[in-house]
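Structure, as structure tokens:
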Amino acid sequence: MIKKITYGAPFDTEAVTGAYESWQGELPYFSQEEGRKFSYRMAEEDIVFGLGENVRGINKRGWIYESKCSDDPNHREDKRSLYGAHNFLIVDGKECFGVFFDYPGKLTFDIGYTDRNVMLIEAQTGDIDVYVIEGEGPEDIAKQFRGLVGRSYIPPKWAFGYGQSRWSYMNEDEIREVVKKHREAGIPLDSIYLDIDYMVKYKDFTVNEETFPDLAGFAEEMKEQGIHLVPIIDAGVKIEEGYDIYEEGMAGGYFCKEEDGSEFVAGVWPGRVHFPDMLNADARKWFGGKYKVLLDQGIEGFWNDMNEPAIFYSEKHLQEVFEQLEEFRGINLDNEASASLNRLVGGLSNNEEDYKLFYHEHKDGRVRHDKVHNLFGYNMTRAAGEAFEELEPNKRILMFSRSSYIGMHRYGGIWTGDNLSWWSHILLNLHMMPSLNMCGFLYTGADLGGFGADTTEELLMRWLELGIFTPLMRNHSAWGTRRQEVYRFTQTGSFRKIIALRYCLLPYLYSEYMKAALRDEMMFRPLSFVYAGDRFARRVEDQLMVGESIMIAPVYEQNAKGRYVYLPERMKLVRFRGPEDRKEEVLEKGHHYVHIALDEVVFFIRPDHLVPMSKGGSCVEKVDFDHLGLLGFVEKEGSYELYDDDGYSRDYESPSHYTQITVDAEGRISSGGEGSRKEFYLI
Ligand code: GLC
């Protein structure tokens with residue numbers, strides 16, 4: 001049951017596509033003031049789930065968060081927002097309900113920060129749609145919410161392979177070398193990401209012909225080796241006479257303007273840029289159509305970046321700062337003076353005041369950017385998604401974005417932005433997975449190994465042991481940091497085995513992803529969603545359920561030789577050192593210390609559940625999805641519903657994609673359903 005309560009005249013974010021009841025009565029659960037402050041008194045036992053991409057735990061209680069898409073590469077615990085704005089929460093405890101604050105500007109979520117028993121949500125204005133969802137428990141509420149906001153994006157199957165990325169792959173030869181090294185070492189690989197360096201002077205939809213003289217030919221050459229090239233697209237369009245995108249944007253009036261009607265000028269990678277007005281349908285159509293330039297060269301995937309939008313400086317503010325800097329010349333820079341100098345210069349980037357300088361021409365009228373700030377990245381990705389539907393109606397194109405708002409999940413996935421090579425960020429990655437799934441973001445993952453700062457072999461290996469379960473599995477790092485392609489380390493063989501295991505698990509992971517997307521369900525669930533009555537399971541913050549059959553408990557501490565794991569029921573522990581070396585052990589419900597060597601992947605199978613596995617392959621195309629081994633923990637009868645399809649077309653609905661598999665206590669396998677051409681064997 002979903003009730004919508006409207007305060008004032010909210011902006012239409014187009015996040016909601018499903019059915020609800022317009023509720024005329026009082027707002028349930030909350031008391032409200034001015035239609036912009038909403039408070040709920042929490043009971044001692046209440047857990048608060050949600051908020052998608054954000055800092056801190058799975059249980060969001062105990063901190064204050066902001067919905068304000070921000071370009072901030074320091075994901076420290078004391079931050080309040082990251083790149084996305086995901087305003088959905090589930091309260092689970094004395095009362096159980098979900099709530100979505102559909103509001104495109106800044107929102108504050110004080111969840112027991114000021115008063116540990118009070119949740120206070122505050123919007124800037126009293127124009128907001130609030131959706132309250134009641135159901136049978138958090139899982140049901142999350143599913144209803146997902147029905148409300150529409151089906152999650154589905155990527156091509158190859159996008160479930162391993163991807164290698166780095167900001168600073170400068171030319172074709174460097175990429176050839178990276179691919180060659182992976183192939184020589186037998187490390188499976190499906191994609192190489194092109195960061196900003198493939199462009200001419202960071203100009204969108206251009207390719208540097210000196211370093212990438214024949215992108216179409218190169219893309220073809222890579223495809224022959226099973227590799228997809230995935231270029232980045234940035235939000236800002238370089239201001240440069242003669243650059244077609246700039247000139248078309250100017251001619252069409254597609255860029256964001258200031259109050260006086262002149263185009264807003266910001267600084268990003270290329271220097272001075274204009275922002276396409278992503279909230280204007282005509283501008284969106286124009287910008288989306290530009291992806292064709294790369295699609296025509298054989299490109300099948302993209303990542304959209306800097307779309308909060310990130311602003312290094314605004315032209316206006318920069319001039320003011322230059323003038324004010326004069327005041328510092330020649331003076332004694334004491335404590336106060338040097339602090340204000342730093343503030344002055346440091347305040348140039350992503351300054352809140354700059355977001356008040358430009359406007360959007362939306363179908364419902366002109367709107368100042370800061371009031372709809374959180375919709376920019378969403379609509380950039382929507383521009384691409386809508387274009388792909390037209391340009392490639394029956395082909396899936398990979399798309400994921402840095403910034404997002406709920407609603408964007410229909411057009412693309414997200415990566416979780418510029419994390420660091422910190423141990424705590426492995427855990428942060430884990431925490432975000434269920435929170436993002438609730439909000440519709442299924443195709444997601446972190447920069448494995450860490451983006452900023454220098455990684456270590458141990459950190460990367462442990463992170464990959466989590467990453468082999470996340471739909472987006474990409475090793476990405478920043479220019480200037482230690483190189484972290486796995487073949488650069490001493491234990492290449494161990495990396496190979498860990499990544500190979502991802503390919504063995506693909507039939508299961510892909511099936512779980514697709515069922516979650518098609519049924520509005522979560523692929524990554526907190527233990528408490530599954531074992532609601534178990535007081536230990538309810539509090540577990542470092543283990544997750546991955547799909548129907550598996551629980552994971554990754555190691556996220558330096559020098560650890562294992563970790564404590566809580567088993568909410570009797571489970572089978574499976575220990576892999578590569579696909580060929582597997583050990584199993586049944587463990588009883590309760591707390592266990594589990595030894596996990598650095599090169600081991602451990603997961604747990606629920607009783608009477610199965611995990612279909614392939615024999616692996618050097619890329620997704622080479623994986624045989626038709627002859628599958630069944631790994632299971634069968635006590636009475638194990639069963640599994642397998643989803644599989646061609647992985648490329650958009651025909652998701654056919655019953656022929658499903659196979660029902662059962663294994664009885666004697667190990668007899670039976671399979672049925674329209675997709676039953678597949679063959680299964682026990683492993
Ligand atoms: C941003 C992105 C990062 C990328 C870099 C250069 O920081 O988040 O992934 O490598 O820009 O394009």
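Predicted model, so just to flag it, every value in this text is computed and none were measured. Indexing begins at 1, ligand by ligand and atom by atom, following the structure's order. Sequential numbering from 1 along the given sequence is applied to the chain's residues. Computation of the quantities below employed the complete heavy-atom set of this structure, encompassing side-chain atoms and omitting hydrogens, waters and symmetry-equivalent molecules.
- Ranking protein heavy atoms by distance to atom 8 (O) of ligand 1, first place goes to Asp418 OD1, 2.5 Å.
- Residue-ligand proximity, Ile196 to ligand 1, at heavy-atom distances under 4.0 Å covers atoms 6 (C), 12 (O).
- Closest to atom 11 (O) of ligand 1, if we only count protein heavy atoms, is Asp305 OD2, 3.1 Å.
- By the criterion of a heavy-atom distance under 4.0 Å, the side chain of Trp303, and not its backbone, is placed next to ligand 1.
- Heavy atoms from other residues, nucleotides or ligands lying under 6.0 Å from CD of Glu209 number 12 at most.
- When only interatomic distances are considered, the shortest N/O to N/O separation between His476 and ligand 1 falls below 3.5 Å.
- Heavy-atom separations between Trp479 and ligand 1 are all 4.0 Å or longer.
- Each of the atoms 1 (C), 2 (C), 7 (O), 8 (O) of ligand 1 lies under 4.0 Å from some heavy atom of Arg402.
- Between Val486 and Met461, the closest side-chain pair of non-hydrogen atoms is not below 4.5 Å.
- Within ligand 1, the atoms closer than 4.0 Å to a non-hydrogen atom of Asp195 are 4 (C), 6 (C), 10 (O), 12 (O), numbered from 1 in the order shown.
- For the pair Lys203 and Tyr243, the cation sits on the ring face: its NZ or CZ lies under 6.0 Å from the ring centre, inside 45° of the axis.
- A salt bridge links Arg402 with Glu308; the closest basic N to acidic carboxylate O contact falls under 4.0 Å.
- The Ile232 neighbourhood of ligand 1 comprises atoms 12 (O), with distances under 4.0 Å to a heavy atom of that residue.
- Protein heavy atom at the shortest distance from atom 5 (C) of ligand 1 is Trp167 CE3, 3.7 Å.
- In this structure, Glu220 does not pair ionically with Lys223, as no charged nitrogen and carboxylate oxygen lie closer than 4.0 Å.
- Ring pair Tyr83/His75 is perpendicular by interplanar angle, where above 60° counts as perpendicular and below 30° as parallel.
- For ligand 1, none of its N or O atoms has an N or O atom of Asp447 under 3.5 Å away.
- Between Arg474 and ligand 1, a contact under 3.5 Å exists for no N or O pair.
- Using a 4.5 Å cut-off on side-chain heavy atoms (C-beta onward), Phe495 and Arg488 make no contact.
- With respect to Glu320 and Lys316, no salt bridge is recorded, no charged nitrogen being found less than 4.0 Å from a carboxylate O.
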